[in-house]
A.B. asks: 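Let me begin by handing over the structure; questions about it come next.
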Amino acid sequence: MSMLTNTLGRYFAGRFVVAALGVFGGIFLLLVLVDYIEMVRKTSGLASASAIMVAETSLFRVPQLLEKLTPFCMLIGAMTCYLALSRRLELVVARAAGISAWQFISPALGSALLIGVIATIAYNPMSANLRELSKRMEAELFGSAPGGGIQDASGFWLNQVTSDGQTIINAARSEQQGIRLTGLTLFRFDADQHFKERVEAREATLEAGRWLFKGVRRFSLDAPPIDQASLEIPTTLTEAQVRNSFSTPETVSFWQLPSYIRSSESSGFATAGYRLQYQKLLAQPFLLAAMVMLAASVSLRFFRMGGVQKMVLSGVGAGFLLYVLSKVTEDLSKAELMHPIAAAWLPVVVGGLTGFLALLYQEDG
């Protein structure tokens, strides 16, 4: 019986991994296609944009988006796996051999935990690095189009005040968590808060005690536009302050988050979003296991008894409700109304207990 259990365990684990990776690959290809079409539309007026570079940019952008869909890939993959096993009567044979549902669910749970660990320690840093690479490629594609390209809403805003006056910086794109900016517009005011000039620049880099702008055009009220190769503006901003303004928790890799949280705390900035992201990455393996538990609770019914559509819809509905719960707890945590640990682990506990109790009722109740 031990040999039979081990053999079936490896078989069920292999079937689950193949199904989950198949769903993951299918969604990846779909996202790449959609993003590539959107990038082609945005770069249609740029003569310097080659098809290969546009495709690479889309390819590097998608992994970070797909990372958010990983729990749903596990849910759909597990449902697909167990429904296929049930349709081919393999689960019936396993039950007839004296193997309980808990025994042929355990291999999938172990596989989901392993996939979650790999996703946290390897896939997350890779997706963050690829996202930074895609930002550099976007800067090359749209460098000649001020304010163009891929950006969030009205871009990124930064305000700095020095002894010379105030400077408001708007950047279309950010790289290296704000250390390098492209597609810039600056509004400069003197020490008496009187408008001084507007500056447009191709790119800017934060150096020790200064911003270095390149490809500059300066506009003032009483003079024609002036083109300059570069412009230096003093600043008291540090890299930690700039990163806090320009970076988002999703763009910081798992291994960088602890040091980033410490540096932000020492600078006096709020770290709730980054603490939440760190806890979510720690909880990711258990969230994937909870998704497998939910999928098993709606997929182990004998296929010929009917009701497959209801089972699939109930599984998808459970996953959607869990997603809503995670978004609510995430917003509460970022507003500092809930502790990041509670916000990150509550969906895991709710999803896992729901699947466990449903299976307990079906199999042992």
A.B. asks: For the OG atom of S127 and the NZ atom of K68, what is their distance to the nearest 0.5 Å?
C.D. replies: 10.5 Å
A.B. asks: Nearest heavy-atom pair of I27 and C73: which atoms, and what distance?
C.D. replies: CD1-SG, 3.7 Å
A.B. asks: Indicate yes or no: at least one non-hydrogen side-chain atom of F286 is less than 4.5 angstrom from one of L113.
C.D. replies: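 Sidechains of L113 and F286: in contact.
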A.B. asks: Could you state whether V292 and Y11 fall into the same hydrophobic cluster, counting links through intermediate Ile, Leu, Val, Met, Phe, Trp or Tyr residues with side-chain heavy atoms under 4.5 angstrom apart?
C.D. replies: yes
A.B. asks: Quick one: are W211 and L181 in side-chain contact, heavy atoms under 4.5 Å?
C.D. replies: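 They are in contact (side-chain heavy atoms under 4.5 Å apart), so the answer is yes.
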A.B. asks: About how many Å separate CG of L186 and CD of Q160, when rounded to the nearest 0.5 Å?
C.D. replies: 8.5 Å
A.B. asks: Please check if the distance between the ring centroids of Y278 and F254 is under 6.0 Å.
C.D. replies: yes
A.B. asks: Evaluate the salt bridge (charged side-chain N to carboxylate O under 4.0 Å, His left out) criterion for residues K334 and E336: first the C-alpha distance (whole Å), next the side-chain angles of each, then the deciding distance (0.1 Å), finally the verdict.
C.D. replies: CA-CA 5 Å; K334 289 182 178 178; E336 299 186 354; over 6 Å; no
A.B. asks: For Y36 and L59: C-alpha separation, side-chain torsions, deciding distance, then whether side-chain contact (heavy atoms from CB on, under 4.5 Å) applies.
C.D. replies: CA-CA 8 Å; Y36 176 71; L59 186 64; over 6 Å; no
A.B. asks: Count the heavy atoms of every other residue, nucleotide or ligand shown that sit under 6.0 Å from CZ of F219, and state whether that count exceeds 12.
C.D. replies: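 It does: F219 CZ has more than 12 such atoms within range.
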A.B. asks: Any donor-acceptor pair under 3.5 Å linking the side chain of S111 with the backbone of P107?
C.D. replies: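 Yes; judged by distance alone, with no hydrogens or angles, the pair exists.
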A.B. asks: Is the side chain of D35 donor-acceptor paired with the backbone N or O of L31 at a distance under 3.5 Å, no angle test?
C.D. replies: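 No; judged by distance alone, with no hydrogens or angles, the pair does not exist.
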A.B. asks: So that I can tick it off, tell me whether K280 and E330 are bridged by a salt bridge, with the cut-off set at under 4.0 angstrom between side-chain N and carboxylate O.
C.D. replies: yes
A.B. asks: Show, in sequence, the C-alpha distance, side-chain angles and deciding distance for E200 and T185, and conclude whether the side chain to side chain donor-acceptor pair (under 3.5 Å) test is met.
C.D. replies: CA-CA 5 Å; E200 292 184 356; T185 301; 4.8 Å; no
A.B. asks: Enumerate donor-acceptor pairs with a distance under 3.5 Å from any side-chain N or O in residues 340-355 to protein atoms, sequence neighbours excluded.
C.D. replies:
from	atom 1	to	atom 2	distance (Å)
W345	NE1	Q279	OE1	3.2
T354	OG1	V350	O	2.7

A.B. asks: To the nearest 0.5 Å, what is the distance between OG on S253 and CG on N124?
C.D. replies: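 Output value for this atom pair is 6.5 Å.
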A.B. asks: Provide the closest heavy-atom pair for A128 versus Q64 in the form atom of the first, atom of the second, distance.
C.D. replies: CA-NE2, 4.1 Å
A.B. asks: Where is the tightest heavy-atom contact between T120 and P285, given as atom of each residue plus distance?
C.D. replies: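 Shortest heavy-atom separation between T120 and P285 comes out as OG1-CD, 3.9 Å.
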A.B. asks: For residues M338 and L282: do they belong to one hydrophobic cluster (side chain heavy atoms under 4.5 Å, members Ile, Leu, Val, Met, Phe, Trp, Tyr)?
C.D. replies: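 No, no single cluster joins them.
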A.B. asks: The criterion is side-chain hydrogen bond (donor to acceptor under 3.5 Å, both in side chains); which residues satisfy it with T182, sequence neighbours excluded?
C.D. replies: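 R173.
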A.B. asks: Within this structure, what is the CD-CZ distance for the pair Q166 and R188, rounded to the nearest 0.5 Å?
C.D. replies: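 CZ of R188 is found 11.5 Å from CD of Q166.
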A.B. asks: What's the shortest heavy-atom distance between V161 and T236, and which atoms?
C.D. replies: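 Taking every non-hydrogen atom into account, O-OG1, 4.3 Å.
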A.B. asks: With a 4.5 Å cut-off on side-chain heavy atoms, are E67 and P63 touching?
C.D. replies: no
A.B. asks: Quick one: does M293's side chain get under 4.5 Å of L109's, heavy atoms only?
C.D. replies: yes
A.B. asks: Does the side chain of Y361 reach to within under 4.5 Å of the side chain of L357, using non-hydrogen atoms?
C.D. replies: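 Not touching, per the 4.5 Å side-chain cut-off.
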A.B. asks: Can you give me the closest heavy-atom contact between Y82 and A108, atom names plus distance?
C.D. replies: OH-CB, 3.2 Å
A.B. asks: Okay, side chain of D192, backbone of H194: is any donor-acceptor separation there less than 3.5 Å?
C.D. replies: no
A.B. asks: So, the side chain of W255 versus the backbone of I121: is there a donor-acceptor pair under 3.5 Å, distance only?
C.D. replies: yes
A.B. asks: How long is the gap from CG on N170 to CZ on R198, to the nearest 0.5 Å?
C.D. replies: 11.5 Å
A.B. asks: Which residue pairs pass the ring-ring contact (aromatic ring centres under 6.0 Å, His included) test with at least one member in residues 55-81, sequence neighbours excluded?
C.D. replies: F72-Y323
A.B. asks: Counting only N and O atoms by type, is there a donor-acceptor contact under 3.5 Å from the side chain of T43 to the main-chain atoms of M39?
C.D. replies: yes
A.B. asks: If every non-hydrogen atom of Q277 is compared with every non-hydrogen atom of L257, which pair is closest and at what distance?
C.D. replies: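 Minimum heavy-atom contact is CG-CD1, 3.8 Å.
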A.B. asks: When you group the ILVMFWY residues by side-chain heavy-atom contacts below 4.5 Å and let the links chain together, are V32 and L21 in the same group?
C.D. replies: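 Same hydrophobic cluster.
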A.B. asks: Side-chain contact, heavy-atom cut-off 4.5 Å: I233 with F213?
C.D. replies: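 Yes, at least one pair of side-chain atoms sits under 4.5 Å.
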A.B. asks: After noting the C-alpha distance and the side-chain angles of L287 and L322, does the key distance pass the side-chain contact (heavy atoms from CB on, under 4.5 Å) rule?
C.D. replies: CA-CA 10 Å; L287 179 60; L322 199 61; 4.3 Å; yes
A.B. asks: What I'd like to find out is whether the side chain of I226 reaches to under 4.5 Å of the side chain of Q228, using heavy atoms alone.
C.D. replies: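 Yes; the side chains approach each other to less than 4.5 Å.
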A.B. asks: If you define the side chain from C-beta out and look only at heavy atoms, does anything of V54 sit under 4.5 Å from V40?
C.D. replies: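 Answer yes - side chains close enough.
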A.B. asks: Please answer: with hydrophobic residues joined when any side-chain heavy atoms are less than 4.5 Å apart, are L321 and L313 in the same cluster?
C.D. replies: no
A.B. asks: With side-chain contact (heavy atoms from CB on, under 4.5 Å) as the test, would you mind laying out the steps for R218 and V216 before giving the verdict?
C.D. replies: CA-CA 7 Å; R218 306 173 68 176; V216 177; 3.7 Å; yes
A.B. asks: Roughly how far, to the nearest 0.5 Å, is the CZ atom of R61 from the CG atom of L66?
C.D. replies: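 Atom-to-atom, L66:CG and R61:CZ are 13.5 Å apart.
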A.B. asks: Give a yes or no on whether the backbone of I115 and the side-chain of Y123 come within a donor-acceptor separation of less than 3.5 Å.
C.D. replies: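 Pair absent, no side-chain N/O of Y123 close to backbone of I115.
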A.B. asks: Can a donor-acceptor pair be found, under 3.5 Å and without considering hydrogens, that links the side chain of S259 to the backbone of Q256?
C.D. replies: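 Indeed, once roles are kept as given, a pair shorter than 3.5 Å links the two residues.
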A.B. asks: Can M74 and F16 be said to form a side-chain contact (heavy atoms from CB on, under 4.5 Å), step by step?
C.D. replies: CA-CA 9 Å; M74 292 295 108; F16 165 73; 4.0 Å; yes
A.B. asks: Taking only Lys NZ, Arg NE, NH1 and NH2, and the carboxylate oxygens of Asp or Glu, determine whether D227 and R217 approach each other closer than 4.0 Å.
C.D. replies: yes
A.B. asks: Determine, using the 4.5 Å side-chain heavy-atom cutoff (strictly less than), whether L65 and I76 are members of one ILVMFWY cluster.
C.D. replies: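 L65 and I76: one cluster.
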